[in-house]
**Student:** 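Quick one: the structure is below, and I'll ask about it shortly.
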Number of protein chains: 2
Amino acid sequence: MKKSTKFSDVLHILLHMAGSRNPARSETLAKSAQTNPVVVRRIMAGLRERGFVQSEKGHGGGWSLSCDLKKVTLYDVYDSIGAPTMLALGNRAESSKCLVEKAVNTATGHAFREAESLLIANFRNTTLADVHSIIKKYPRGHAKRK
Amino acid sequence: MKKSTKFSDVLHILLHMAGSRNPARSETLAKSAQTNPVVVRRIMAGLRERGFVQSEKGHGGGWSLSCDLKKVTLYDVYDSIGAPTMLALGNRAESSKCLVEKAVNTATGHAFREAESLLIANFRNTTLADVHSIIKKYPRGHAKRK
DNA sequence: ACTCATGTAATATACTGAGTTACATGAAAG
DNA sequence: CTTTCATGTAACTCAGTATATTACATGAGT
């Protein structure tokens, strides 16, 4: 199945913004995330609603961070983009009269829920600052280069 | 995102077969899993290759189990159907020169891998017999009914 | 006024899983 | 040995969906 890159894209964009003081245009951000300006605006809309970023129109406009990277978790970001489906596997009919179906749903459902919970827990435990700090661990010289 | 029901479907089919002695036709199995006979045959092909089931042509033909339910795990089944993608989330470019991208991939990749591992571990720890035994826990009277 | 940037609806494109059709192969029944 | 029935499989269609694109409106700055 085709995996959605929306989540990693938005993180990319946010960290990219963290690397500069001036507002960044959708077009610039789109280029860095290898996507389209309109897609960027759509994704960012959710983050703006929650006050994590802000946008300005016109000359010198664009996007800028308005949050403390230490206080925003990956879960906040994930949630801001609409909390898309995490698992590519699922049950056909979640509520069925068929006993076989029920048994299957019980067994797989348990595993699915555990995996999802773990993922969510990991997201909650990681802040944007954590991710940002990973960058610094790479060899010196172009820490903020695209 | 649209979740794949292939895995739960094949489990459904296998347990359905476990409920009767005679070979079951693709059409019957398809009906019980709410899908198409050809789809059933396609899915089952992988299981046949591994010897978990066998098929006979012609009159009185169909599918039958040829394995010990206690010895086949959900992972075996999952693997038999081609080990489809478990996660609906992923990174855009797994290997990139961009440091920001790398940092994001590191952070999310870690979480993704953990979730996937947990799922796999759960599948390995559950046999078809385990799932089958869940059926018996439901109220008496129609244990093998569709 | 004019340019630039976002906001957003509407549309197009690409992809992919699933379903379907069609026909070949082989087994059992009569 | 012909008919019937079931699987085996390639090829194709269909439907759903994420993403990308186009087009135009809005509002800030110059």
Side-chain angles (χ1 to χ4, degrees), chain A residues 1-10 12-13 17 22-49 52-66 78 81-93, chain B residues 1-10 12-13 17 22-49 52-66 78 81-93:
Chain A
M1 169 170 299
K2 179 97 186 154
K3 295 186 174 194
S4 166
T5 60
K6 203 168 166 186
F7 181 56
S8 80
D9 283 349
V10 70
H12 189 143
I13 288 169
M17 286 167 62
N22 319 332
R25 294 185 306 143
S26 305
E27 206 186 316
T28 311
L29 297 171
K31 213 160 280 174
S32 92
Q34 301 173 63
T35 181
N36 187 287
V38 179
V39 173
V40 169
R41 284 179 211 135
R42 266 200 300 246
I43 293 177
M44 301 295 276
L47 292 160
R48 182 182 47 217
E49 276 169 28
F52 298 148
V53 299
Q54 56 195 144
S55 59
E56 295 295 339
K57 290 178 177 179
H59 277 280
W63 300 88
S64 43
L65 287 170
S66 53
Y78 167 77
I81 60 171
T85 308
M86 292 177 159
L87 297 180
L89 303 178
N91 298 133
R92 183 174 289 261
Chain B
M1 169 170 296
K2 180 96 186 157
K3 297 187 174 194
S4 166
T5 60
K6 204 169 164 185
F7 181 56
S8 79
D9 283 350
V10 70
H12 189 142
I13 289 169
M17 286 166 61
N22 320 331
R25 295 185 307 143
S26 305
E27 207 186 315
T28 311
L29 296 172
K31 215 159 279 175
S32 94
Q34 301 173 63
T35 180
N36 187 289
V38 178
V39 173
V40 170
R41 285 180 210 133
R42 266 201 300 247
I43 293 177
M44 300 296 276
L47 293 160
R48 182 181 47 217
E49 277 169 28
F52 297 149
V53 299
Q54 57 194 144
S55 59
E56 295 296 336
K57 291 180 177 176
H59 276 281
W63 300 88
S64 45
L65 288 169
S66 53
Y78 167 76
I81 60 169
T85 309
M86 291 177 159
L87 298 179
L89 302 178
N91 297 133
R92 183 173 290 258

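Predicted model, so just to flag it, every value in this text is computed and none were measured. A, B, ... follow the sequence lines: proteins, then strands. Residue 1 opens every chain.
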**Student:** Provide, to the nearest angstrom, the distance between the NZ atom belonging to A:K2 and the C1' atom belonging to C:dA14.
**Tutor:** 9 Å
**Student:** Give one of base, sugar-phosphate or nothing for B:T28, where a contact means two heavy atoms less than 4.0 Å apart.
**Tutor:** nothing
**Student:** Expressed in angstrom and rounded to an integer, what is the separation of B:K3 atom NZ from D:dG16 atom C1'?
**Tutor:** 16 Å
**Student:** Are any of B:N36's side-chain N or O atoms less than 4.0 Å away from OP1 or OP2 of C:dA18?
**Tutor:** no
**Student:** Could you go step by step and tell me if A:I13 and A:M17 meet the side-chain contact (heavy atoms from CB on, under 4.5 Å) rule?
**Tutor:** CA-CA 6 Å; A:I13 288 169; A:M17 286 167 62; 4.1 Å; yes
**Student:** Does the side chain of A:S4 get closer than 4.0 angstrom to OP1 or OP2 of D:dT19 through an N or O atom?
**Tutor:** yes
**Student:** Taking all atoms of both residues into account, what is the closest heavy-atom pair of B:P37 and B:A30, and its distance?
**Tutor:** N-CB, 3.4 Å
**Student:** Counting primed atoms plus P, OP1 and OP2 as sugar-phosphate and everything else as base, spell out the protein contacts along nucleotides 5-12 of chain C at 4.0 Å heavy-atom distance: B, S or - for each nucleotide, 5' to 3'.
**Tutor:** BBBBBB--
**Student:** May I have the distance from A:L89 (atom CG) to C:dG17 (atom C1'), rounded to whole angstrom?
**Tutor:** 13 Å
**Student:** Please tabulate, for the side chains in residues 58-65 of chain B, all donor-acceptor contacts under 3.5 angstrom to protein atoms that are two or more places apart in sequence or on a different chain.
**Tutor:**
residue	atom	partner	partner atom	Å
B:W63	NE1	B:S26	OG	3.0

**Student:** Expressed in angstrom and rounded to an integer, what is the separation of A:Q34 atom CD from D:dA20 atom C1'?
**Tutor:** 14 Å
**Student:** Between B:K3 and A:T85, what is the shortest heavy-atom contact and its length?
**Tutor:** CE-CG2, 3.2 Å
**Student:** Using the side chain to side chain contact (heavy atoms under 4.5 Å, CB included) criterion, which residues pair with B:A83? Sequence neighbours excluded.
**Tutor:** B:Y78, B:D79
**Student:** Could you walk me through whether B:L87 and A:L87 pass side-chain contact (heavy atoms from CB on, under 4.5 Å), step by step?
**Tutor:** CA-CA 4 Å; B:L87 298 179; A:L87 297 180; 3.7 Å; yes
**Student:** Mind calculating the distance between CD1 (A:I13) and P (D:dT19) to the nearest angstrom?
**Tutor:** 12 Å
**Student:** State whether A:T35 places a side-chain N or O below 4.0 Å from either non-bridging phosphate oxygen (OP1 or OP2) of D:dA20.
**Tutor:** yes
**Student:** What verdict does the side-chain contact (heavy atoms from CB on, under 4.5 Å) test give for A:S55 and A:M44, after you've listed the backbone C-alpha separation in whole Å, the side-chain angles of each residue and the deciding distance to 0.1 Å?
**Tutor:** CA-CA 9 Å; A:S55 59; A:M44 301 295 276; over 6 Å; no
**Student:** Output the rounded distance in Å from CD1 (B:I81) to C1' (C:dA18).
**Tutor:** 14 Å
**Student:** Would you mind reading off the distance between B:I43 atom CD1 and C:dT20 atom C1', rounded to a whole angstrom?
**Tutor:** 15 Å
